[in-house]
Protein chains: 2
Amino acid sequence: MVDRGEQKQKTRHLLISSALKLSAEKGFASLSLREVAKAAGITPAAFYRHFHDIDELGLALIDEVGLGLRQLLREARRSIDPNRSVVRSSVEAFISYITENSNLFRVLQGERQGASTAFRRALFTELGRFIEEVTEDLEKESIRKNQPLLDVGLAAEAIVAVTFTVGAEALDLPKHKRPELSERIVKEIKMILRGALAMPETTRASKISTPKKIKGKASR
Amino acid sequence: MVDRGEQKQKTRHLLISSALKLSAEKGFASLSLREVAKAAGITPAAFYRHFHDIDELGLALIDEVGLGLRQLLREARRSIDPNRSVVRSSVEAFISYITENSNLFRVLQGERQGASTAFRRALFTELGRFIEEVTEDLEKESIRKNQPLLDVGLAAEAIVAVTFTVGAEALDLPKHKRPELSERIVKEIKMILRGALAMPETTRASKISTPKKIKGKASR
DNA sequence: AATTTCAGTATACACTCGTATACTGAAACG
DNA sequence: CGTTTCAGTATACGAGTGTATACTGAAATT
């Protein structure tokens, strides 16, 4: 005698994870209800006990993706090694996460321009949340280091854009080439952060005259 | 009496543009040979006179996309108004281009993570070319203004990533909100450029990286 | 003018698709 | 208990799929 709701939940999740796997291989848009059902080991008709549509499953899938993303960020925060650059350890956490959850990430990236507007909107919302969290992190860091940043939100947006775009390449790369990719991302992020630094006096003009020494703290 | 090869070329192009239109609506991955053929006004079987596969048509489509991109860049260069920022006019050219050729752009973005490896590889090649052209532009500007830049290639990569990622949002935005989007992109690009500036002497000091444990404040 | 070439048509095939309908059998419930 | 609920099955349908095969008719070649 097995619990009923529990069993249903289990099947539901099986459907989602099957869809995730298949989506990563051939794109969510080209999935058929039947093949998802088959992959989950149930009859096509039984599918309707869980979702009344493939698109409804899609939305559930996006929730899953969003959850994964937020976990990733938390993980990255947690694993910060004070001896290493925050940026570097975050990026490395990100890369290792997306290569381990490549299905999740492929769907996230692939469906960004895909299918329905509702679909896209849901994804954008998730991404927006992600950017927001990065923004908060940046603000905290900025205060902690006493290095004021301008347009933190924009910086976060740019950082996320770069990380996701360039990071996506990792999925097609042999493992040994990934560190090089990480390095590239790290450099680009630091570039953005440098550009976001509010520099006393000289901020507005992009031509740098002679920036004054930054704050008293010796940086070494 | 009509020229034969010419007529064939015409039909071929009709197939491609039909596929483009349909792809933008529902994603290339979910296209069927039959509906593309029907949209182009020919019989399914006649499709095989032009491509022996839907994926082969896909590759042709990517060529088209790449061509469009390079045209865009050339256009952006041409329309530079010395009274306005190069960045701003380029970004605006880009936004107006992708909203006018939204089909092309949707496919480009959507298929980046899509389908086959061959497909993706072809797209990356096109994007690589694009980044390369931006790199060259940056180098020229850098010399013209006598403002040396560091890691120009990386800066170009970041700029393209940001422009494409954020720019993609324009497609779902009502026209009157697009200038605001452009503004955001412009700011982020300038941020990157500022970060790429090789600053005399003080460069190191303002870097945000934390190569070693910072001995800073006794914050505990 | 006779012949060849070939883009496109017509038809037919075996599949897969989404979905509707009637069912089964065990967990949940009164 | 017996009854109800309901996740999952079995089957069947019409519609769309990719592709093979034989064809047509006009442009191109000889």
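All values below were derived from every heavy atom in this structure, side-chain atoms included, with hydrogens, water molecules and symmetry-related copies excluded. All chains are named by letter (A, B, ...) in the order of the sequence lines, taking the proteins before the strands, and each is independently numbered beginning at 1.
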Can you tell me which residue among A/Lys8, A/His50, A/Glu64 is in a side-chain hydrogen bond (donor to acceptor under 3.5 Å, both in side chains) with A/His13?
A/Glu64
Taking atom CZ of A/Arg70 as the centre, report whether more than 12 heavy atoms of other residues, nucleotides or ligands fall under 6.0 Å from it.
yes
Separation of atom [atom1] in [X] from atom [atom2] in [N], rounded to whole Å:
| X | N | atom1 | atom2 | result |
| --- | --- | --- | --- | --- |
| A/Lys8 | D/dA7 | NZ | P | 4 Å |
| A/Lys10 | D/dG8 | NZ | P | 11 Å |
| B/Gln7 | D/dA26 | CD | C1' | 12 Å |
| A/Leu15 | D/dG8 | CG | C1' | 12 Å |
| A/Glu6 | D/dG8 | CD | P | 13 Å |
| B/Glu56 | D/dG18 | CD | C1' | 15 Å |
| B/Lys38 | C/dG8 | NZ | C1' | 17 Å |

Presence of salt bridge, A/Glu157 and B/Lys187, under 4.0 angstrom
no
Electrostatic pair A/Arg178-A/Glu183, nearest N-O below 4.0 angstrom:
no
List the steps, then state whether side-chain hydrogen bond (donor to acceptor under 3.5 Å, both in side chains) holds for A/Arg12 with A/Gln9.
CA-CA 5 Å; A/Arg12 182 191 147 94; A/Gln9 198 72 6; 5.2 Å; no
Can a donor-acceptor pair be found, under 3.5 Å and without considering hydrogens, that links the side chain of B/Ser23 to the backbone of B/Val107?
no
Treating primed atoms plus P, OP1 and OP2 as sugar-phosphate and everything else as base, which nucleotides of nucleotides 17-27 of chain C get B, S or - for protein heavy atoms under 4.0 Å?
BBBB-----BB
